[in-house]
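Since the structure comes first, as structure tokens, the remarks are kept for the end.
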Amino acid sequence: MLAPIQHSVLERFLRYVQIDTQSNPFSQTFPTTEKQKDLARILAQELQDLGISDAHMDEHGYVYATIPATVDKPVPVICFCSHMDTSPDSSGTDVKPLIHHNYDGRDLVLPDDPNVVIRLQDHPNLGEQMGNDIVTASGLTLLGADNKAGVAEIMDAAQYFMQHPEIPHGTIKILFTPDEEVGRGVEKVDLQKLGANFGYTIDGERRGSFEDETFSADAATLIIEGVSAHPGFAKGKMESAVKIVCDIIAKLPKDRLTPEAVDGRDGFIHPVTVEGLAEKAAVHFIIRDFTDEKLAEHEAFLKNVVEEVMQNYPHSRYELRIHEQYRNMKKVLDQHPQVSANALEAIRRAGLEPIHSSIRGGTDGSRLSFMGLPCPNIFAGEHAFHSKQEWVSVQDMQKAVETIVHLAMIWAE
């Protein structure tokens with residue numbers, strides 16, 4: 001029987017989201033923004049204050065900490081991981097979190113921009129939140145529940161473990177990462193120092209959800225070298241790289257292979273940024289699917305589109321660079337069924353019915369799994385992430401904390 005958890009998760013979450021930790025996809029530094037370390041330093045100090053003596057931030061902005069085992073028998077070392085950065089897709093500066101108590105299905109009109117309205121009809125998971133307390137931003141920024149909800153939940157669980165040494169568990173590792181939102185979250189992680197056998201990211205959406213499958217993901221950069229000329233004397237000479245890029249994007253399907261037209265297990269080719277001049281232009285794509293074979297098909301399709309368009313511009317050249325980002329974690333996790341089985345049981349013991357699903361995206365766990373740390377994903381309660389309509393339920397965060405505690409105990413049984 002668990003001792004009651006005196007939750008600090010809301011208080012922590014409200015503090016953490018007010019610290020600007022946006023990452024920057026165009027930065028070449030690591031972390032991509034120094035301000036991510038502002039939160040990392042706070043977390044390391046708070047862990048120290050809980051009595052976790054080895055808690056620290058390293059030179060790359062990672063936070064590592066160890067909660068000692070309370071059992072004598074050999075138990076696999078498990079790690080709980082969340083990322084500190086927030087998405088660059090919407091502002092994360094001057095976040096003002098608001099608590100909407102006792103939600104009853106009403107529209108949540110965000111006061112700093114009344115045009116931003118969170119409606120039940122647009123967010124059907126709100127239907128599970130009647131009577132609960134919903135946290136949003138004020139309308140000008142994202143909230144940062146992705147993934148500061150997970151950070152706060154792990155911190156709340158850490159406090160519980162340190163205050164209740166009678167709770168049986170093995171050695172627990174804590175890892176907070178920067179730059180997950182720009183695909184670089186585990187680029188500098190030291191797994192030898194971490195010393196865990198298995199891990200769990202706390203970075204999922206709906207209450208009770210568990211995910212052991214992600215997209216496989218590549219990035220593609222297309223560079224076009226056109227032919228520039230003075231526009232007043234360009235007839236028969238100019239081949240504008242900007243227009244070539246536009247022709248290529250326009251030729252991509254609009255009813256398939258594009259994020260706004262697919263769901264379920266269908267992948268896509270998505271242009272995310274375009275830049276350039278008449279002489280030279282570039283477009284950056286992300287390419288996603290659940291199998292490596294489908295990923296290769298999408299890349300071949302993109303190349304065929306490019307070559308077909310380029311036939312209309314005989315004096316121009318192109319270069320298409322493909323870069324691997326992450327792979328579907330299920331290939332690894334299927335080899336370690338106990339990792340998923342224990343997580344599903346922990347969700348049940350927290351009083352929830354598990355929702356076992358796949359992620360149309362990726363987590364730090366995608367790459368960690370292939371680096372030798374099998375690492376599925378557990379719900380954090382975050383919704384509508386990367387947008388000003390982002391929201392989280394206080395009660396869902398509390399259930400995530402309970403799940404973490406039960407999971408550590410199950411591994412020690």
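Quick caveat: nothing in here was measured; it's all calculated off a predicted structure.
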Counting only N and O atoms by type, is there a donor-acceptor contact under 3.5 Å from the side chain of R12 to the main-chain atoms of V151?
->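 No, because the side chain of R12 does not come within donor-acceptor range (under 3.5 Å) of the backbone of V151.
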Sidechain N-carboxylate O distance under 4.0 Å for [X], [Y]:
X	Y	result
D396	R207	yes
K331	D292	yes
K148	E390	no
D112	K96	yes
R349	E345	yes

So which of P31, S27, S23 actually passes side chain to side chain contact (heavy atoms under 4.5 Å, CB included) with V182?
->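 It is S23; the other options fail the test.
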Qualifying residue, where the test is side chain to side chain contact (heavy atoms under 4.5 Å, CB included) with M84 and the options are L43, I19, D38, N147 |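 It is L43; the other options fail the test.
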The residue among R327, R288, R321 that forms salt bridge (Lys or Arg N to Asp or Glu O under 4.0 Å) with D218 is R327
Would you name the heavy atoms of [X] and [Y] that are closest together and state the gap between them?
X	Y	answer
A40	M57	CB-SD, 3.5 Å
G362	Y326	N-OH, 3.1 Å
G381	H383	O-CD2, 2.9 Å

Any chance the side chains of E260 and T258 put a donor and an acceptor closer than 3.5 Å?
-> yes
Quick one: do the D364 and H83 side chains pair a donor with an acceptor below 3.5 Å?
->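 Note: D364 and H83 side chains miss the donor-acceptor criterion.
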Could you give me the CA-CA distance, side-chain angles and deciding distance for E11 and S8, then say whether side-chain hydrogen bond (donor to acceptor under 3.5 Å, both in side chains) is met?
-> CA-CA 6 Å; E11 179 273 329; S8 63; 5.3 Å; no
Report yes if the side chains of [X] and [Y] come closer than 4.5 Å at any heavy-atom pair, otherwise no.
X	Y	value
F80	L407	yes
V117	D122	no
V227	S316	yes
P354	F210	no
I52	D54	yes
T21	T33	no
V401	Y160	no

With a 6.0 Å cut-off (strictly less than), is the heavy-atom count around [atom1] of [X], excluding the residue itself, greater than 12?
X	atom1	result
D263	CG	no
K251	NZ	no
R317	CZ	no

For the residue pair F215 and F290, is the inter-centroid distance of their aromatic rings smaller than 6.0 Å?
->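 Ring centroids of F215 and F290 are less than 6.0 Å from each other.
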Could you go through the side-chain hydrogen bond (donor to acceptor under 3.5 Å, both in side chains) check for D190 and Y64 one step at a time?
-> CA-CA 10 Å; D190 187 339; Y64 298 84; 5.5 Å; no
Interatomic distance, CD1@I99 vs CZ@F13, rounded to 0.5 Å, equals 10.0 Å
Interatomic distance, CG@L222 vs OH@Y318, rounded to 0.5 Å, equals 8.5 Å
Hey, what's the ring geometry for H60 with F30, parallel, tilted or perpendicular (30° and 60° as the breaks)?
-> perpendicular
Evaluate the side-chain hydrogen bond (donor to acceptor under 3.5 Å, both in side chains) criterion for residues T221 and H323: first the C-alpha distance (whole Å), next the side-chain angles of each, then the deciding distance (0.1 Å), finally the verdict.
-> CA-CA 8 Å; T221 300; H323 170 69; over 6 Å; no
Would you please test S216 and N328 for side-chain hydrogen bond (donor to acceptor under 3.5 Å, both in side chains) and show each step?
-> CA-CA 5 Å; S216 286; N328 188 341; 5.3 Å; no
